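One structure is given here, and the rest of the page talks about it.
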Amino acid sequence: DTAVSQTPKYLVTQMGNDKSIKCEQNLGHDTMYWYKQDSKKFLKIMFSYNNKELIINETVPNRFSPKSPDKAHLNLHINSLELGDSAVYFCASSLLRQVSGNTIYFGEGSWLTVV
Amino acid sequence: GENVEQHPSTLSVQEGDSAVIKCTYSDSASNYFPWYKQELGKGPQLIIDIRSNVGEKKDQRIAVTLNKTAKHFSLHITETQPEDSAVYFCAASKGNNRLAFGKGNQVVVIP
């Protein structure tokens, strides 16, 4: 009955490799996100999709490419991994509300270590 | 964009005492203020939130207060327990789907 699930939970890979992280939500939400949490615990938004359309695209290297096949899935593909990409990546979802704030639900995180 | 500051960065309290974490925000248009708790090895989990049309909200041992004039909001945890030890994040949003997070507070409850 996991609400926002992402895989893999742990990923260790070498520099230069390409890797993907998958995310799925069963909350019926229409908006999904990728956040990055660095070693200092700072949470920063990377991307957001609403009904499969990209609505937020922060200043992220173009080696990072999100893909949303449907509104319940948002995957993150990373090309040519660098040491600085090591972090915890959180998938999240919510309903998009135009008037009042929307509650965002996070997955358990994917720990990426680039060696 | 919105800038959220969180103080203190680390807070140690004796079990049973109260803990208070304060956040300030910069954008007066922000109208939604959630608090998240992140335990070790897990994702942030929403524990309480408040919208700009109320000044205080309480849920058992947790309460949040909002001062729109001063642009700050606080999390209050009463009768702290060891399981309250975690990193707490405040955030602010102005009705779009963009949440600006503070840098987090490490709360340590000493048994």
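Chain naming here is simple, since letters A, B, ... match the order of the sequence lines and numbering starts at 1 in each. Every value quoted in this text rests on a predicted model; they were computed, and no experiment measured them.
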Point to revise | Transitive ILVMFWY side-chain link A:Phe42 to B:Trp35, under 4.5 Å | key: no
Point to revise | pair A:Leu43-B:Pro44: side-chain heavy atoms closer than 4.5 Å | key: yes
Exercise for review: Identify whether B:Val87 and A:Phe106 are in the same connected component of the hydrophobic contact network (ILVMFWY, side-chain heavy atoms under 4.5 Å).
Suggested key: yes
Exercise for review: Check whether A:Leu54 and A:Val60 end up in the same hydrophobic cluster, where Ile, Leu, Val, Met, Phe, Trp and Tyr are linked by side-chain heavy atoms less than 4.5 Å apart.
Suggested key: yes
Review point. Can A:Tyr33 and B:Arg98 be said to form a side chain to side chain contact (heavy atoms under 4.5 Å, CB included), step by step?
Key: CA-CA 10 Å; A:Tyr33 313 78; B:Arg98 189 185 292 267; over 6 Å; no
Practice item. Can you establish whether the number of heavy atoms outside B:Glu83 located under 6.0 Å from its atom CD is more than 12? Key: yes
Check your understanding: Taking all non-hydrogen atoms of both residues, which atom of B:Phe89 and which atom of A:Gln37 are closest, and how far apart?
Key -> CZ-NE2, 3.4 Å
Review point. Stepwise, does the side chain to side chain contact (heavy atoms under 4.5 Å, CB included) test hold for B:Gln45 with A:Glu108?
Key: CA-CA 9 Å; B:Gln45 185 174 23; A:Glu108 293 286 270; over 6 Å; no
Practice item. Indicate, with yes or no, if B:Tyr32 and B:Val4 share a hydrophobic cluster defined by side-chain heavy-atom contacts under 4.5 Å among Ile, Leu, Val, Met, Phe, Trp and Tyr. Key: no
Review point. In Å, rounded to the nearest 0.5 Å, how long is the span from CG of B:Leu99 to OG of A:Ser48?
Key: 10.5 Å
**Study point:** Shortest non-hydrogen contact between A:Phe90 and B:Gln38, atoms and distance
**Key:** CZ-NE2, 3.3 Å
**Study point:** Joint cluster assignment, B:Val20 & B:Ile62, ILVMFWY side-chain distance < 4.5 Å
**Key:** no
**Study point:** B:Tyr36 (side chain) donor-acceptor with A:Ile104 (main chain) under 3.5 angstrom
**Key:** yes
**Study point:** Exceeds 12 heavy-atom contacts within 6.0 angstrom, atom CG of A:Leu83
**Key:** yes
Review point. Run the side chain to side chain contact (heavy atoms under 4.5 Å, CB included) check on B:Phe101 and A:Ile45 step by step: do they pass?
Key: CA-CA 9 Å; B:Phe101 281 89; A:Ile45 191 167; over 6 Å; no
Check your understanding: In terms of heavy-atom proximity below 4.5 Å to chain B, should A:Lys44 be classed as side chain, backbone, both, or neither?
Key -> neither
Practice item. Mind running side chain to side chain contact (heavy atoms under 4.5 Å, CB included) on A:Lys41 and B:Gln106 for me, showing each step along the way? Key: CA-CA 10 Å; A:Lys41 299 287 189 182; B:Gln106 176 70 62; 5.8 Å; no
Point to revise | chain A interface, residue from B:Gly41, B:Ser30, B:Pro34 that has the most non-hydrogen pairs under 4.5 Å | key: B:Gly41
Review point. Near B:Gln81 CD, under 6.0 Å, is it more than 12 heavy atoms from other residues, nucleotides or ligands?
Key: yes
